[in-house]
Asker: 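One structure, pasted below without further comment.
For clarity, every value in this text was computed on a predicted model and none was experimentally measured. Letters A, B, ... are given to chains in the order of the sequence lines, protein chains preceding strands, and every chain is numbered from 1.
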Number of protein chains: 2
Amino acid sequence: MAHTCEYPRPALTVDCVVFGFDGTGLQVLAIRRGIEPFLGSWALPGGFVRMDEDLESAARRELEEETGLRDVFLEQLYTFGAPDRDPRGRVVSVAWFALVRPDRHPAKGDTDASDATWFEVGRLPALAFDHDLILRAALDRLRGKIRYQPVGFELLPKRFTLTQLQDLYEAILGRPVDKRNFRKKLLAFDFLVPLDEFTGGAHRPARLHRFDRRKYDAHLKRGFLFEL
Amino acid sequence: MAHTCEYPRPALTVDCVVFGFDGTGLQVLAIRRGIEPFLGSWALPGGFVRMDEDLESAARRELEEETGLRDVFLEQLYTFGAPDRDPRGRVVSVAWFALVRPDRHPAKGDTDASDATWFEVGRLPALAFDHDLILRAALDRLRGKIRYQPVGFELLPKRFTLTQLQDLYEAILGRPVDKRNFRKKLLAFDFLVPLDEFTGGAHRPARLHRFDRRKYDAHLKRGFLFEL
DNA sequence: GCAAAAGTGTTTATGTTACACCCATGT
DNA sequence: ACATGGGTGTAACATAAACACTTTTGC
């Protein structure tokens with residue numbers, strides 16, 4: 001296996017925009033940088049791609065190393081390569097976005113290395129490098145995607161109430177949604193399965209549901225579109 | 001500006017999937033490779049990213065060098081980085097897709113270097129590297145995109161007939177479209193402007209139209225969606 | 001005058017929106 | 001018994017789908 005040494009090479013990193021949902025607002029995970037440049041600033045989790053490593057593997061590895069998160073929904077977002085985006089020199093970054101269920105959220109100080117912290121989207125400090133730009137791109141993608149792919153379920157516990165689901169949609173879309181129409185539409189699909197389990201709590205118990213990926217995939221193959 | 005030399009670096013390339021439309025079928029531009037590896041095979045136009053160069057600039061530069069094409073619609077597609085995708089070693093490629101109007105198609109042998117040739121999608125020879133995979137991703141993207149963004153106009157001359165537009169949609173979507181409903185829907189938007197010019201030819205002349213990007217952008221800002 | 005492509009409306013079915021009250025539980 | 005969030009149906013409206021014939025031109 002010959003090497004391609006004829007050209008100088010940019011360094012290559014991965015960065016992850018990790019979204020979570022706490023029942024009220026959409027959240028993003030940031031870590032405090034422990035080294036220069038931008039020492040002490042907040043940044044997206046990420047790091048250098050190894051020579052023998054798939055890009056997705058690199059993203060998953062960095063995510064686990066820096067936040068303790070494993071087995072999350074992960075999708076490639078965009079590759080950022082402005083020549084001056086890193087003060088250390090030419091660094092191209094393949095950005096990813098991840099969706100994490102609340103029961104998997106790392107507690108504060110959960111992992112050794114991590115000052116990983118959840119921030120409400122919109123109450124986020126300025127980020128290092130061009131990470132504000134990356135975050136913006138991830139948000140746009142999420143808002144677009146939620147409307148025609150059932151990614152919302154990746155942000156909720158496996159069993160959830162319809163009110164939780166609706167709150168999530170309202171948080172992401174940034175506008176209110178009619179309760180009756182929302183339920184009618186979703187339950188018309190058979191991949192949202194009502195369970196015979198209910199929440200406890202101070203008031204009337206709410207029925208729990210789960211997302212049936214099998215049934216959803218079956219619909220997909222018949223060339224079907226989700227939409228809202 | 002310090003260098004980040006702590007890590008071995010993958011080489012970085014760009015590859016472009018260039019789509020065209022000849023009035024009947026969707027086409028893709030491929031070039032015959034003049035060097036190893038895959039010497040003599042067909043491949044997507046592309047090449048190495050320079051150290052001081054934006055990713056998009058690199059894609060545009062390679063496109064012009066290898067096919068003579070300039071000022072085309074260009075959008076980042078996906079970044080491919082499987083460790084074994086290039087026999088020369090680790091090469092990560094940022095893939096782009098481009099749409100080209102027929103009046104700008106390079107004639108055969110138009111540019112010096114180029115054996116650039118149009119192939120009907122589906123009658124394409126096997127491509128070098130993982131370029132078949134890249135092409136597939138580009139096709140999926142185009143088919144998805146055409147339904148909610150007016151990218152079709154980037155594949156037609158500036159002035160076009162509604163039949164041409166419909167033929168294009170049918171070619172990309174791979175299914176027939178009802179003529180009356182198609183026209184009704186598109187003309188309901190004001191960004192498709194009928195002109196007082198007509199085609200010549202053997203039969204009844206067809207009215208030419210143009211796409212008014214200004215009006216379309218105005219609609220976009222009012223939070224409007226295109227949809228088929 | 002005929003072959004070939006351009007152009008045009010109406011009806012029906014389907015999906016979307018708007019909207020207000022009763023229910024079950026814990027305290 | 002009351003406060004809180006859970007749950008339900010219908011009518012008006014808008015959008016999408018199905019469908020066939022007339023027009024204009026070149027030959």
Asker: I need the residues from residues 201-210 of chain B with at least one non-hydrogen atom less than 4.0 Å from DNA chain D; give them sorted by number, or say none.
Answerer: B:Gly201, B:Ala202, B:His203, B:Arg204, B:Pro205
Asker: Atom CZ of A:Phe198 to atom C1' of D:dG7: distance rounded to whole Å?
Answerer: 11 Å
Asker: Given atom CG of A:Asp178 and atom P of C:dT16, what is their separation to the nearest angstrom?
Answerer: 13 Å
Asker: Taking the side chain from A:His131 and the backbone from A:Ala43, do they hold a donor-acceptor pair closer than 3.5 Å?
Answerer: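 No, the answer is negative, given that no donor and acceptor are paired below the 3.5 Å cut-off.
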Asker: Could you state the atom-to-atom distance from CZ of B:Arg147 to P of D:dA16 in whole Å?
Answerer: 12 Å
Asker: Counting distance only, does the side-chain N/O of A:Asp132 pair as donor-acceptor with the main-chain N or O of A:Leu127 below 3.5 Å?
Answerer: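 Looks like yes, one N/O pair under 3.5 Å.
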Asker: Using a heavy-atom cut-off of under 4.0 Å over every strand shown, decide if B:Thr163 touches base, sugar-phosphate, or nothing.
Answerer: sugar-phosphate
Asker: Donor-acceptor check, side chain of B:Arg101 to backbone of B:Leu156, threshold 3.5 angstrom: yes or no?
Answerer: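 Yes: the side chain of B:Arg101 pairs with the backbone of B:Leu156.
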Asker: Without decimals, in angstroms, what is the distance between A:Asn181 CG and D:dA11 P?
Answerer: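 After rounding, the reported distance stands at 15 Å.
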Asker: Side-chain donor-acceptor pair under 3.5 Å between B:Arg204 and B:Thr199, yes or no?
Answerer: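 Short answer, no.
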Asker: Hey, does the side chain of A:Lys179 come within less than 4.0 Å of D:dT8's phosphate (OP1/OP2), counting only N and O?
Answerer: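 No, A:Lys179 has no side-chain N/O under 4.0 Å of OP1/OP2 on D:dT8.
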Asker: With a 6.0 Å cut-off on the ring centroids, do B:Phe160 and B:Phe153 count as close?
Answerer: yes
Asker: Please determine, for the side chain of A:Lys184, which listed nucleotide (D:dA17, C:dT17, D:dC19) has the closest atom?
Answerer: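 The answer is C:dT17, which lies nearest to the side chain.
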Asker: Whole-Å distance between C:dG7 C1' and B:Leu187 CG?
Answerer: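 My rounded result for the distance is 11 Å.
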Asker: Grab the CZ-C1' distance between B:Arg180 and D:dA18 for me, whole Å please.
Answerer: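 Rounded to the whole Å, the gap is 8 Å.
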Asker: Apply the test side-chain contact (heavy atoms from CB on, under 4.5 Å) to residues A:Thr13 and A:Glu62: give CA-CA distance (whole Å), side-chain angles for both, the deciding distance (0.1 Å), then the verdict.
Answerer: CA-CA 10 Å; A:Thr13 60; A:Glu62 288 288 348; over 6 Å; no
Asker: Heavy-atom distance under 4.5 Å between the side chains of A:Trp42 and A:Arg33, does that happen here?
Answerer: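 No, too far: nothing below the 4.5 Å cut-off.
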Asker: Just how far, in rounded Å, is P of D:dG6 from CG of A:Leu162?
Answerer: 10 Å
Asker: When the distance from NZ of B:Lys185 to P of D:dA14 is rounded to whole Å, what number comes out?
Answerer: 16 Å
